[in-house]
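Please read the structure below before turning to the comments.
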Amino acid sequence: MTVEHHDLHHEFPDMADQIRDLKMKDRHFSRLFDEYHVVDREVRNIENEAEAASDERLEALKMKRVHLKDELFAMLQQA
């Protein structure tokens, strides 16, 4: 199975400068950024069958990833 990349640089390629700046200047953004990538890695591991998980856990992780991405995107738009 091919798993899509959902890291923020793939999701928002035109915002690379804002991502870098906020990671360095905004502790809250940096924490959410790190959390987003941990959740994304978990989802990819499950989808690649490197890690076992129930469908419910996978869906919960995907929802968490979406909520984090939405929050990060809102912060990027304000920057």
Side-chain angles (χ1 to χ4, degrees):
M1 172 192 312
T2 303
V3 177
E4 290 183 42
H5 289 278
H6 287 278
D7 64 271
L8 289 183
H9 293 288
H10 278 93
E11 293 291 314
F12 310 122
D14 57 326
M15 296 181 150
D17 292 337
Q18 293 99 317
I19 291 169
R20 186 182 58 252
D21 290 344
L22 280 175
K23 277 180 60 181
M24 295 173 76
K25 295 177 184 175
D26 187 323
R27 222 179 314 162
H28 180 64
F29 181 89
S30 182
R31 184 184 59 76
L32 291 176
F33 179 91
D34 291 342
E35 184 178 354
Y36 175 86
H37 283 87
V38 167
V39 171
D40 183 52
R41 190 173 338 152
E42 287 182 60
V43 169
R44 281 185 288 128
N45 285 341
I46 293 167
E47 289 178 338
N48 285 326
E49 299 176 357
E51 183 179 320
S54 67
D55 289 342
E56 293 82 15
R57 171 141 171 78
L58 178 59
E59 290 306 311
L61 286 168
K62 285 182 177 182
M63 288 303 297
K64 184 174 183 178
R65 181 174 64 184
V66 167
H67 290 296
L68 287 166
K69 183 168 61 171
D70 288 346
E71 189 171 352
L72 289 161
F73 183 66
M75 293 173 80
L76 286 166
Q77 286 183 312
Q78 292 175 353

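- Salt bridge annotation for Arg44-Glu51: absent, with no cationic side-chain nitrogen under 4.0 angstrom from a carboxylate oxygen.
- Note that NZ of Lys62 and CG of Asp40 are 11.0 Å apart. Values are rounded to the nearest 0.5 Å.
- Tyr36 is linked by a ring pair (Phe, Tyr, Trp, His ring centres under 6.0 Å) to nothing, counting only residues two or more places apart in sequence or in another chain.
- Between Glu11 and Leu72, the closest side-chain pair of non-hydrogen atoms is not below 4.5 Å.
- Between Ile46 atom CD1 and Arg57 atom CZ the span is 5.5 Å, to the nearest 0.5 Å.
- Applying the salt bridge (Lys or Arg N to Asp or Glu O under 4.0 Å) rule to pairs touching residues 18-27 yields Asp17-Arg20, sequence neighbours excluded.
- Between the CZ atom in Phe73 and the CD atom in Gln18 there is a gap of 10.0 Å [rounded to 0.5 Å].
- With sequence neighbours excluded, no residue satisfies side chain to side chain contact (heavy atoms under 4.5 Å, CB included) with Ala60.
- For the atom pair Met63 CE and Leu58 CG, the distance stands at 12.0 Å (nearest 0.5 Å).
- By the 4.5 Å heavy-atom criterion applied to side chains, His37 and Leu8 are counted as neighbours.
- Residues satisfying the side chain to side chain contact (heavy atoms under 4.5 Å, CB included) criterion with Lys64, sequence neighbours excluded, are Glu35, Val39, Leu68.
- Legend: residues meeting side chain to side chain contact (heavy atoms under 4.5 Å, CB included) with His9, ordered by chain and number and at least two apart, are Asp7, Ala16, Ile19, Phe33.
- The list of side chain to side chain donor-acceptor pair (under 3.5 Å) pairs with a residue in residues 70-79, not counting sequence neighbours, reads His28-Glu71.
- A salt bridge does not link Glu42 to Arg65: none of the charged side-chain nitrogens sits closer than 4.0 Å to a carboxylate oxygen.
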